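Worksheet: the structure to be examined is printed underneath.
In what follows, every chain begins at residue 1, and chains take the letters A, B, ... in the order their sequences are listed. Worth saying up front: this structure is predicted, and the values here are computed from it rather than measured.
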There are 2 protein chains.
Amino acid sequence: MSKGERTRAAILDQALAMTSTDGLTGLTIGTLADRLGMSKSGLFAHFGSKELLQAAVLERAADLFADTVVRPALAQPRGLPRVLALFENWIAWTMDPVLPGGCPIQAASIEFDDRPGPIQDLIVKQQEDMRRVVIGATRRAVEEGHLRTDLDVEQFAFEGISLCYGFTQSYRLLKNPKAEVWARTAVHGLVDRGRVRG
Amino acid sequence: MSKGERTRAAILDQALAMTSTDGLTGLTIGTLADRLGMSKSGLFAHFGSKELLQAAVLERAADLFADTVVRPALAQPRGLPRVLALFENWIAWTMDPVLPGGCPIQAASIEFDDRPGPIQDLIVKQQEDMRRVVIGATRRAVEEGHLRTDLDVEQFAFEGISLCYGFTQSYRLLKNPKAEVWARTAVHGLVDRGRVRG
DNA sequence: AAATAATACGAACGGTCGTACTATTGTCAA
DNA sequence: TTGACAATAGTACGACCGTTCGTATTATTT
């Protein structure tokens, strides 16, 4: 790993934290350089433009999300355990102090839902990837006989993802101490309702 | 209505649309003035600071939300019809072309969930007001005998609000044509599950 | 019609933004 | 150890930011 690669990784770590609290637009090259003790131009040279920096941050966020949420869930036995782990890990991810301001991708979703361009395209791709993961795990649970065969897996995924998103509001903005219980109760309810009878 | 009040209202209308797409931070006095064909300083004088402008925009958004979502729902007979109207109106509000970029309050929630200050305080107050409205209507539905007496109304509100929020993602960012059906199916399911047996 | 207040304007301020260029330093293979 | 190139710093730029100020214009009241 060359020196350039090392600094680039350090930049992205700091940029991720900054994006988490200030958003992709609030992420600023000058203050980012200050926090890293390096010059604006030196940092800038690593990416070539702010938009490319934003894209790199998003991809780093997605990697971290995959490592924290998706991969550990896929390590669970297929079927219900995996589906539940997906939601539980997602809830834990929202509370993870590594991201001081919450999931940067979720924030970016709202920030960029009216700004077409490469960044929006990337966010859409990431969100649909995640949707596919949830749908895939759910469909597996149906095949394993854990969930009803007549279950609408797309509807199921919509509700599960919505609950994870809603949790962010209650937990991060409203700081409601019951938020975590609500979210976990809700996803367990969702899963239970999909279970085969008996 | 004096001339000042008239321009102030016109400013807020335009500012609301701009906030809807660009967020409270992306809302900029210069371009806002341009769109209204007036000078930066003339516009500025109406509010005294950008923060006060942002606060005024949020209050205008809340008024509009109350007129579009809450008041029509309260016109429905108490109990289940009112609860359902609340969610249906909320879904319609998210699709309302009056807000070209979706609900400004929801966007501001994520934008400001890590920026303490008067704006964050205002947003928290608005969100908790809305939460209280949902909880109140739900509790009424219990009293009317439409919903189970052992229903956890806070849990119910969390799930309903989460679904409305999740709908924004699917509809505005991912532009999924099934989003509206998913959201309506989900809230109807939520309500049905709370119904008294038989 | 005169007096006063409300409203709007234009210009300018200090700052920060992203970006472009050039110069300097550091790294690492030959 | 040197030469080539990657990495970082330095400086400057035009554009825009929120804000202030003095002044002109327009409404409203007396």
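The nearest whole Å value for the distance from the CG atom in A:L24 to the C1' atom in C:dG18 is 15 Å. Following rounding to the nearest Å, B:E5 (CD) and D:dT28 (C1') show an atom-to-atom distance of 13 Å. Taking atom CG on B:L36 and atom C1' on C:dC9, their separation rounds to 15 Å, with Å as the unit. Here the P atom of nucleotide C:dG18 and the CZ atom of A:F44 are 9 Å apart, to the nearest Å. Spacing between atom NZ of B:K50 and atom P of D:dC16 amounts to 15 Å, rounded to whole angstrom units. One interatomic measurement links the two molecules: CZ of B:F47 to P of C:dT7, which rounds to 12 Å at whole-angstrom precision. As a whole-Å value, the separation of B:M38 CE from C:dA11 C1' is 17 Å. Put simply, CD1 on B:I29 is 10 Å from P on D:dT20, counting in whole angstrom units.
For A:K40 against D:dG10, no side-chain N or O and base N or O form a donor-acceptor pair under 3.5 Å.
Residue contacts shown for B:L27 are limited to sugar-phosphate atoms, with no base heavy atom under 4.0 Å away. Counting non-hydrogen atoms under 4.0 angstrom, A:L53 reaches nothing in the nucleic acid.
Proximity of A:S49 to the phosphate of C:dG18: no side-chain N or O atom is located under 4.0 Å from OP1 or OP2. At D:dC16, none of the side-chain N or O atoms of B:T31 fall inside 4.0 Å of OP1 or OP2 (strictly under the cut-off). For D:dT8, the OP1/OP2 oxygens have no side-chain nitrogen or oxygen of A:S39 closer than 4.0 Å. For the OP1/OP2 pair of D:dA6 and a distance below 4.0 Å, the side-chain nitrogens and oxygens of A:H46 include no atom meeting the criterion. For the OP1/OP2 pair of D:dG10 and a distance below 4.0 Å, the side-chain nitrogens and oxygens of A:S41 include no atom meeting the criterion.
Taking each heavy atom of A:S20 and A:G102 in turn, the nearest pair found is OG-O, 3.0 Å.
In the hydrophobic clustering, where aliphatic and aromatic side chains (Ile, Leu, Val, Met, Phe, Trp, Tyr) are joined below 4.5 Å either directly or transitively, B:I110 groups with A:I110.
With a 4.5 Å cut-off on side-chain heavy atoms, B:P104 and B:L16 count as touching.
Side chains of B:H188 and B:E88: a donor on one and an acceptor on the other come within 3.5 Å.
Each of B:E51 and A:L43 was matched to the nucleotide of DNA chain D holding its nearest heavy atom; the match closer to the 5' end belongs to A:L43.
Between A:E143 and A:R78, none of the side-chain N atoms (NZ, or NE/NH1/NH2) sits under 4.0 Å from a carboxylate O, so this pair counts as no salt bridge. Salt bridge status for B:K125 with B:D121: absent, with no side-chain N to carboxylate O gap under 4.0 Å. Salt bridge status for A:R60 with A:D63: absent, with no side-chain N to carboxylate O gap under 4.0 Å.
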Pairs under 3.5 angstrom, nitrogen or oxygen only, protein versus nucleotides 26-30 of chain C, please.
none

